[in-house]
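Start at 1 with the first residue, then count along the sequence.
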Amino acid sequence: MAEPDIVETAFSRAWSVYRLINKSVADNDARRSSLERFIRQRWEAGDNEAELLVVEGLKHLKKLEGTSDE
């Protein structure tokens, strides 16, 4: 039962850090759901270390920035 907590913890930390760095990003931004899916998929693939999932999640968000047309 601890595993879903790892996903939630990693997601919350990554999203919080991202919003601290990017203050203009709204809490309901589409990247939020993308991050949640990404972290869950990584966890399902065997990544079970919260800190690693946070870092990988932040990298994922950075890649999404490069694909947006802002």
Exercise: identify the closest heavy-atom pair between [X] and [Y]:
X     : Y     : result
Asn48 : Ile6  : O-CD1, 3.5 Å
Phe38 : Glu56 : CE2-O, 3.4 Å
Phe11 : Ile39 : CA-CD1, 3.6 Å
Trp43 : Leu53 : N-CD2, 4.2 Å
Ala26 : Arg19 : C-NE, 3.9 Å
Leu35 : Leu61 : CD2-CD1, 3.8 Å

### Task
Verify the cluster assignment for Leu58 and Val7: are they in a single hydrophobic cluster under the rule of side-chain heavy atoms below 4.5 Å apart?
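Result: yes, single cluster for both.
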### Query
Is there a chain of hydrophobic side chains (I, L, V, M, F, W, Y, each step under 4.5 Å between heavy atoms) that links Val54 to Leu52?
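They do not share one cluster, since no chain of ILVMFWY contacts under 4.5 Å joins Val54 to Leu52.
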### Query
Does a side-chain heavy-atom distance below 4.5 Å link His60 with Arg42?
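No, their side chains stay 4.5 Å or more apart.
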### Query
side-chain contact (heavy atoms from CB on, under 4.5 Å) between Lys62 and Glu65: does it pass, once the steps are laid out?
CA-CA 5 Å; Lys62 188 66 176 168; Glu65 286 177 8; 3.1 Å; yes
### Task
Working to the nearest 0.5 Å, report the span between OG of Ser34 and NZ of Lys63.
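Going from the OG atom of Ser34 to the NZ atom of Lys63 covers 11.5 Å.
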### Spatial distance of atom CD (Gln41) from atom CD (Glu36) [nearest 0.5 Å]
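The distance works out to 11.0 Å.
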### Query
Is a side-chain donor-acceptor pair under 3.5 Å present for Arg31 with Tyr18?
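Yes.
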### Query
So, does Ser33 use its side chain to make a donor-acceptor pair with the main chain of Ala30 at under 3.5 Å?
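Here the side-chain-to-backbone pair exists.
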### Message
Go through it in stages, so that I can follow the logic: the residues are Asp29 and Trp15, the test is side-chain contact (heavy atoms from CB on, under 4.5 Å), and I'd like the CA-CA distance, side-chain angles, deciding distance and then a yes or no.
### Response
CA-CA 10 Å; Asp29 189 276; Trp15 187 243; 4.0 Å; yes
